[in-house]
Amino acid sequence: MTDSKNQIKFAYWVPNVSGGLVVSNIEQRTDWRYDYNVRLAQAAERNGFEYALTQIRFTAGYGAEYQHESVSFSHAILAKTERLKVIAAILPGPWKPALAAKQLATIDQLTQGRIAVNIVSGWFKGEFDAIGEDWPEHDERYRRSEEFIQCLKGIWSQEQFSFHGKYYQFNHYTLKPKPIQKPYIEIFQGGSSRAARDMAARVSDWYFTNGNNADALREQINDLKIKAKNHQHQVRVAVNAFVIARDTEQEAQAVLQEIIDEANVEAVQAFAIATREAGAATKEGEGNWAKSSFEDLVQYNDGFKTNLIGTPQQIAERIVALKALGIDLILIGFLHFIEEVEYFGEKVLPLVRALEQQQLSASASASASASA
Ligand SMILES: Cc1cc2nc3c(=O)[nH]c(=O)nc-3n(C[C@H](O)[C@H](O)[C@H](O)COP(=O)(O)O)c2cc1C
């Protein structure tokens with residue numbers, strides 16, 4: 001058996017924001033409210049998902065009219081599950097590190113070490129304007145996020161924490177109780193620009209990137225791993241994908257086509273304008289949404305590009321190929337969440353585990369014959 005440490009991991013997007021994961025008028029059997037989310041979380045942990053990711057939004061974009069706050073919602077899901085780890089999105093600016101560290105340490109204590117955090121750096125200027133927050137330019141937002149992460153780690157792991165940065169200051173601060181997780185709560189970060197990668201290579205446990213094709217992912221991972229090595233830092237990689245798994249490839253492709261045909265054109269176009277504050281705004285023009293077409297943006301984290309659309313066998317083979325590129329976790333969005341989480345757990349996941357096992361046996365016999 002492949003050791004679970006060596007298995008690729010799966011997360012799902014918590015729909016704590018209304019409107020579903022695609023900006024389309026197609027029917028989406030999902031719900032942003034709590035009761036649905038509890039049933040979904042329980043189905044996900046029964047079906048092999050180790051992580052769930054909440055989103056943070058203060059104002060609506062692209063039709064996402066209602067948005068539950070991410071930290072309290074994550075805690076509420078943890079209270080109704082047993083094994084799932086929930087990643088709460090946090091936005092430096094509205095949050096300060098002292099408050100975030102304290103909130104998350106308490107949740108970690110209350111949930112036997114099952115909270116994680118996703119530090120997001122902001123892409124939606126309209127949101128920051130609406131809540132009266134400053135809007136530093138793109139790379140400066142990452143400098144602030146990096147200090148934020150340094151502070152979280154220091155507060156969680158040091159007896160007395162002092163820090164004198166551009167954005168945050170601490171003087172011999174002692175947090176008690178500390179989190180259960182050691183040395184500290186797992187830290188993810190979302191974003192794909194050069195600044196995002198530089199930050200991940202220095203301070204983050206996980207680099208979370210938008211969906212993309214294999215070549216673009218390979219480039220990002222190579223760049224990230226070289227930089228991380230230079231900093232003697234270890235970072236794992238997670239990628240977004242919108243999964244459409246159906247018994248036949250034709251069915252899966254037909255669903256994709258219908259999502260795009262039914263796109264909410266006005267909302268996608270408004271989203272496309274807002275995203276220009278993100279990766280495309282950097283001088284190198286890289287990062288999330290920098291090269292996304294209208295069709296790509298219908299799934300607002302470029303999830304179609306990862307191409308996990310087809311039969312369970314096709315999807316399982318592509319997942320194992322992503323693992324070979326250096327991907328450690330796949331974050332998944334679905335059209336009809338609960339039923340597709342169950343289909344994924346029953347039909348796709350066993351094939352992934354079987355392929356991983358075959359690869360392990362093949363490499364074991366290759367190394368045995370090399371040493372014979
Ligand atoms: C997996 C993932 C999850 C994200 N979640 C959020 C979120 O909940 N709230 C938010 O404001 N931004 C979120 N972002 C956006 C990023 O923090 C970042 O602002 C955006 O990706 C642009 O970054 P870039 O210019 O470095 O590519 C997320 C990004 C990714 C990849």
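Since the model is a prediction, treat every value here as computed from it, not as a measurement. Remember, it's 1-based here, ligands and their atoms both numbered in the order they're listed.
- Heavy atoms of F128 come nearer than 4.0 angstrom to ligand 1 in no pair at all.
- Partners of E219 according to the salt bridge (charged side-chain N to carboxylate O under 4.0 Å, His left out) rule, which considers only residues two or more places apart in sequence or in another chain, do not exist here.
- Residues Q103 and L99 form a side-chain contact, since some pair of their non-hydrogen atoms from C-beta on lies under 4.5 Å apart.
- Hydrophobic cluster membership of Y66, counting Ile, Leu, Val, Met, Phe, Trp and Tyr whose side-chain heavy atoms lie under 4.5 Å apart directly or via other members: W32.
- Heavy atoms of R141 come nearer than 4.0 angstrom to ligand 1 in no pair at all.
- Looking at T306, its side chain does come within 3.5 Å of a backbone N or O of N212 through a donor-acceptor pair.
- Within a 6.0 Å radius of NZ in K182, other residues, nucleotides and ligands contribute more than 12 heavy atoms.
- The distance criterion of under 3.5 Å between nitrogen or oxygen atoms is not met by E127 with respect to ligand 1.
- Near A89, meaning under 4.0 Å from one of its heavy atoms, ligand 1 places the atoms 8 (O).
- Heavy atoms from other residues, nucleotides or ligands lying under 6.0 Å from CD of E266 number 12 at most.
- Not one N or O on the side chain of Q109 forms a donor-acceptor pair closer than 3.5 Å with the backbone of P177.
- Using a 4.0 Å heavy-atom cutoff, N240 is absent from the residues neighbouring ligand 1.
- Residue contacts with ligand 1 include R57, since one or more of its heavy atoms lies under 4.0 Å from the ligand.
- Considering backbone and side-chain atoms together, G190 places an N or O closer than 3.5 Å to an N or O of ligand 1.
- Within the 4.0 Å heavy-atom cutoff, N118 counts among the residues contacting ligand 1.
- Among the atoms of S193, some N or O lies under 3.5 angstrom from an N or O of ligand 1.
- For the pair R141 and W123, the NZ or CZ position fails the cation-pi test of under 6.0 Å to the six-membered ring centre and within 45 degrees of the ring normal.
- Contacts of W206 with ligand 1, taken as heavy-atom pairs under 4.0 Å, are absent altogether.
- The proximity of S121 to ligand 1, defined as any non-hydrogen pair under 4.0 Å, is limited to the backbone.
- Under 4.0 angstrom from ligand 1, the non-hydrogen atoms of Y142 all belong to its side chain.
- Taking a 4.0 Å cut-off on heavy atoms, F188 fails to register as neighbouring ligand 1.
- Within 6.0 Å of CG on D134 lie no more than 12 heavy atoms contributed by other residues, nucleotides or ligands.
- Remark: distances from the non-hydrogen atoms of G122 to ligand 1 include one below 4.0 Å.
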